[in-house]
Amino acid sequence: RTQRMAFSAAIVATLASWVFNTPPRTDVASVTPWLAPIVWEGTFDSTLIDSIYKQQNITVATTLFALGKYTRFLKDFLESAEEHYFVGFRVHYYLFTDQPEAIPNVKLGQERYLTVKKVPSLNRWQDISMGRMEILKKLIENELANEADYIFCLDVDTKFYGRWGVETLGHLVGVIHPWFFNVPRFIFTYEHRRESQAYIPAGEGDYYYTGAAFGGSLKDVQNLTKTCREQLNIDAANSIEAIWHEESHLNKYFFYNKPSKLLSPEYLWRDISMSAGQVKIIRFSHVAKNNAEVRPN
Ligand code: 2GW
Ligand code: MN
C-alpha cells in the first residue's frame, strides 16, 4: 500500500511540474547552498539543453589513463561512451598509456577523435594515481588551448549505461561520491591530519566528491590540476600521503573553490547492482574489478 501511495505521489509530482512549473524533484536537493545546480534525472530537459549547446560548436576533451592491466577496461569504456557520452557533440579522447599496442580498435562516430599518448610505465600505484594531475596540467597548458572548450577527466575502470550529455557542462564540475550522498558530514572520508595539504578541519566540508570524474572549462580545470599537483608535491616532500590520495586533494580544492555545477551519483555509480531510491538512472559506473588481479604489487 505504501508503495502504491509513493507511486501515485510520483505521478502527481510529475503532472504538477508540467502543469504548474513546480520543481520536478522534491526527494533530493537540486541546488547547493551556494546556488550551484545539482544534476539529477528529472531536473533538466535533454532535448532543450541539447538544442542550446548545438548552437555553440563545442569540443569536449576527455582524458583517460590506462596503464598496466587497466588497458583491459578500454574497450567497454570507449564502446559505451560512443553510445551514451555527449552523443551528437565533438569529443576528443586523450588516452595516456604505457602500451599503445594494447589499445583496442573501437569504431568512433563522426566528430569523435582519439589521441593516444605514450607515458612511461609506473609500478608504484601511488605514482600512477597521483601522476595524473601533473600530466593533465601539462596537457591543458601545452595542447588544449585552441583544441577544446571543456574537459572531463575520468577513471577508466568504468562504463556508461545512460546519457551523459551537455547538462553536465559548467566552469567547474564535481561529482558526488555514490557512497556519501545521503550520509551526514562526519562520515566523509576527508583528510583530517593537519600535516597534509589536503587537510579539511573536522566538521567542515560541503559534499564528498569522487576522484573518478571531474571537469569544467579548460581554465578552471587547469587551475585545479595545477593546485592539486602542487599540494601533492608538498605532501610528497613531507613524506605524507593523503588518505584517499588525489581524491583527498580534489575534495580540499572543491571546498575552497566551489564547483559551479554538481553531478548526482547517477554520474558515477559504484556497482551497477547497488540500489538507492533517489537514483532513478545509472548513467556511468565503476565496473566491478578484481584489485588483486589488475593492480601491480
Ligand atoms: C594500480 C594499482 C593500484 C591502484 C591503481 C592502479 C592503476 C590505476 C593502474 O595500474 N593503471 C591505471 O591506469 N590506473 C589509472 O588510475 C586508471 O585510469 C584508474 O581508473 C585510475 C584510478 O585507479 P583505480 O581506478 O584503481 O582507483 P579507484 O577506482 O579505487 O579510484 C578512486 O581512488 C583513487 C585514489 O585512490 C582515485 O582518486 C580515483 O580517481 C578514485 O576513483
Ligand atoms: Mn577507478
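Counting convention: from 1, in listed order, for ligands and their atoms alike.
Comparing Lys289, His245, Glu241, Glu246 against atom 37 (C) of ligand 1, the shortest heavy-atom distance belongs to Glu246.
Glu83 has no carboxylate O lying under 4.0 Å from a charged side-chain N of Arg163, or vice versa, which leaves the two without a salt bridge. Between Arg193 and Glu241, no side-chain nitrogen of the basic residue sits less than 4.0 Å from a carboxylate oxygen of the acidic one, so the salt-bridge criterion is not met. Between Glu191 and Lys252 there is no salt bridge, since none of the side-chain N atoms of the basic residue sits less than 4.0 Å from a carboxylate O of the acidic one.
The closest approach between any non-hydrogen atom of Gly211 and ligand 1 is below 4.0 Å.
Residues Trp244 and Tyr199 are members of separate hydrophobic clusters, defined by side-chain heavy-atom contacts under 4.5 angstrom among Ile, Leu, Val, Met, Phe, Trp and Tyr. Under the 4.5 Å side-chain heavy-atom criterion for ILVMFWY residues, no single connected hydrophobic cluster contains both Tyr150 and Tyr113.
Considering both main-chain and side-chain atoms, Phe65 comes within under 3.5 Å of ligand 1 through a nitrogen or oxygen pair. Looking at Leu67 next to ligand 1, an N or O pair under 3.5 Å apart turns up. Residue Val294 has no N or O atom closer than 3.5 Å to an N or O atom of ligand 1.
Inspection of the Tyr93 and Arg112 side chains reveals an N or O donor paired with an N or O acceptor under 3.5 Å.
No option in Thr62, Thr59, Thr168, Asp50 other than Thr168 meets the side-chain contact (heavy atoms from CB on, under 4.5 Å) test with Phe86.
When non-hydrogen atoms are compared, ligand 1 lies under 4.0 Å from neither the backbone nor the side chain of Lys69. Contacts between Tyr70 and ligand 1, counted as non-hydrogen atom pairs separated by less than 4.0 Å, involve the side chain only.
Counted within 6.0 Å of NZ on Lys138, heavy atoms from surrounding residues, nucleotides or ligands total 12 or fewer; the atom is thus considered open. No more than 12 heavy atoms of other residues, nucleotides or ligands sit less than 6.0 Å from atom CG of Asn105.
For ligand 1, the atoms lying closer than 4.0 Å to a non-hydrogen atom of Val156 are 17 (C), 18 (O), 20 (O). Of all the atoms in ligand 1, the ones that sit under 4.0 Å from a non-hydrogen atom of Glu247 are 38 (O), 41 (C). Heavy-atom proximity to Ala66, at under 4.0 Å, picks out these atoms of ligand 1: 13 (O). Within the listing of ligand 1, atoms 29 (O) sit less than 4.0 angstrom from a heavy atom of Arg270. Ligand 1 places these atoms under 4.0 Å from at least one heavy atom of Asp157: 20 (O), 25 (O), 29 (O).
Cation-pi geometry between Lys258 and Tyr207 is not met at under 6.0 angstrom from the ring centre and within 45 degrees of the axis.
Between Phe160 and Phe77, the ring-plane angle classifies as perpendicular under the 30° and 60° cut-offs.
Protein N/O/S atoms found under 2.8 Å from the Mn ion (ligand 2), listed by chain and residue number: Asp155 OD2, Asp157 OD1, Asp157 OD2, His286 NE2.
Ring to ring, Tyr267 and Trp164 are close: their centroids are under 6.0 angstrom apart.
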